[in-house]
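Heads up: the structure comes next, in structure tokens.
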Amino acid sequence: MIEYSNRRIKLNGGIILDNFRFYVPTDIRFGKDRLASELTQVLDTFGKTVLIVYGGGSIKKNGLYDQVIDLLEKNQNNIVELSGVEPNPRIETVRRGVELCRENQVDVILAVGGGSTIDCSKVVAAGFYSEEDPWEFIVGKNGYQGDALPIVTILTLAATGSEMNAGAVISNMATNQKLGVGGPAMMPKVSFLDPTTTFTVPAYQTAAGSADILSHLFESYFNVTEGTDIQDFVSEGIMRAVIKNCPVALETPNDYDARANLMWASSLALNGLTRNGKHGVWSCHAMEHELSAFYDITHGVGLAILTPRWMEYVLNEQTVTKFVEFAKNVWGIEDENQFTAAKKGIQATYDFFKACGIPMTLPEVGIDEEKFAEMAQQAVAHSTIKTDAFVPLTEADVEAIYRSSL
Ligand code: NZQ
Ligand code: ZN
């Protein structure tokens, strides 16, 4: 019997694809040496006054800042700057950006950096038009449906996929909240993906970014929806590419091919390609965002610590088949016993993160059990993992996963 509902279709109890729309209008300019000939041309389509947004100074050290300023000055742009965007960008910085845009009547935002810089830029872009304070629409849970200033990005770190999606994650350390928000107008118009801009990414951030990319793939791959061969096979391929190229980038930071593969993986892992049509919410991100909200840790590191523990925790009779596929298609591991194969795949995931130099326990990143209960409550309150995850997780489950990460 086929039963239709407005969100999903059940076929004999199995969940088949949700209907989806795949519309990702970001114009990707991939490859080296494109900025000199294309950047100002792109910006001019939106106007002359540009807000350049960047982080704590890595772009000043590696020469990208000088290159961009030089191009804009020669093009007679009016340049406004928002600097010092924090990793885990703060709402206060967003507000500063909105003020700058209003005071200077900015036409276009140029985000030069990693996910934090791009996320901050997106919410500034929306905040410019919004009558309410940006934190209001972030906590509002309905996303942002209004207009936003156009955003152009120059990505410098392969990780979040923010360069090709409509989401942003902003932190409010005063209330220990780190929340996501998204809206169609927040999608970057153009993103420059030059792998050479990531040559200077330190080993720790290279590994963390790779863990984040893998997590974006895992979160959708381990899902209750059936028959998603396209999403899953594409996902397995990107996972294998990250597993192959991250160690090369760690060993040889200026290996163009390795950096190029990681960069393109970053964008494809979270632009809808491997996620659309899949039902339900993500688990590890909900748990990790609380770690960052309370302890301000690196997102990808938190994910690497939690992911193998979560995998082990949700492995059961219903989920084992998926873990067997994962072990075989991603790690090349097979075993006659399903659970043995599944556990070997999970162990391989743990070993990979560890070999990349990621600290693999919570105490190593300064987190002890003191706030486990509070963070577990928040993880459940801020998401629908209790009802809608691959394996639903209660507060007690989340706490147990935190505890197993000690
Ligand atoms: O701030 P600067 O000085 O630029 O240094 C940064 C920062 O310290 C440095 N870095 C970046 N590019 C570099 C570089 N250092 C040397 N050379 C370069 N080329 O790396 C550090 C981390 O940067 P950040 O932007 O914070 O990293 P990432 O790209 O991992 O972004 C993390 C943020 O994105 C959110 C995370 O929660 C976190 O707040 N996420 C955003 C998502 C989205 N928009 O779709 C999804 C993700 O799941 C994630 O939640
Ligand atoms: Zn992530």
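Just follow the structure's listing: the first ligand is 1, and inside any ligand the first atom is 1.
Protein heavy atom in closest approach to atom 41 (C) of ligand 1: Asp119 OD2, 3.1 Å. Of the protein's non-hydrogen atoms, the one nearest atom 42 (C) of ligand 1 is Thr160 CB, 3.8 Å. From the protein, the heavy atom lying nearest to atom 8 (O) of ligand 1 is Pro87 CG, 3.9 Å. Ranking the protein heavy atoms by distance from atom 45 (O) of ligand 1 puts Asn165 ND2, 3.0 Å first. In this structure, the protein non-hydrogen atom closest to atom 6 (C) of ligand 1 is Ser58 OG, 4.5 Å. Taking atom 47 (C) of ligand 1 as the reference point, the nearest protein heavy-atom neighbour is His216 NE2, 3.4 Å. In terms of protein heavy-atom proximity, atom 24 (P) of ligand 1 is closest to Ser116 OG, 3.4 Å. Regarding atom 9 (C) of ligand 1, its nearest protein heavy-atom neighbour is Leu157 CD1, 4.3 Å.
Under a 4.0 angstrom heavy-atom cut-off, Glu288 registers as lying outside contact with ligand 1. Within the 4.0 Å heavy-atom shell around ligand 1 one does not find Gly180. In this structure, Pro202 counts as a contact residue of ligand 1, since one of its heavy atoms falls inside 4.0 Å of the ligand. In this structure, Gly113 does not count as a contact residue of ligand 1, since none of its heavy atoms falls inside 4.0 Å of the ligand. Using a 4.0 Å cutoff on heavy atoms, Lys61 does not count as a contact of ligand 1.
Checked by distance only, ligand 1 and Thr117 stay at 3.5 Å or farther apart across all their nitrogen or oxygen atoms. Considering both main-chain and side-chain atoms, Trp282 never comes within under 3.5 Å of ligand 1 through any nitrogen or oxygen pair. The distance criterion of under 3.5 Å between nitrogen or oxygen atoms is met by Gly56 with respect to ligand 1. Of the polar atoms of Ala159, none of the N or O atoms is found under 3.5 Å from an N or O of ligand 1, judged by distance alone. The shortest N or O to N or O distance between Lys122 and ligand 1 is not below 3.5 Å. Residue Gly115 places at least one N or O, backbone or side chain, under 3.5 Å from an N or O of ligand 1.
By the 4.5 Å heavy-atom criterion applied to side chains, Cys284 and Phe218 are not counted as neighbours. A heavy-atom distance below 4.5 Å is found between the side chains of Lys322 and Tyr221. Between Trp282 and Ile385 there is no side-chain heavy-atom pair separated by less than 4.5 Å.
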Check: residues 56-70 side-chain donor-acceptor pairs under 3.5 Å, at least two apart:
unit_1 : atom_1 : unit_2 : atom_2 : d
Lys60  : NZ     : Tyr54  : OH     : 3.3
Asn62  : OD1    : Leu64  : N      : 3.1
Asn62  : ND2    : Thr200 : OG1    : 3.1
Tyr65  : OH     : Glu81  : OE1    : 3.3
Tyr65  : OH     : Glu81  : OE2    : 2.5
Asp70  : OD2    : Lys74  : NZ     : 3.0

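The closest approach of His285 to the Zn ion (ligand 2), by N/O/S atoms, is made by NE2. Checked against the Zn ion (ligand 2), the N, O or S atom of His216 at the shortest distance is NE2.
Taking the Zn ion (ligand 2) as the corner point, the angle from His299 atom NE2 to Asp212 atom OD1 is about 90° (rounded to 10 degrees).
Checking Leu17, Leu217, Asn223, Thr225 one by one against Gln231, the side chain to side chain contact (heavy atoms under 4.5 Å, CB included) holds for a single residue, Leu17.
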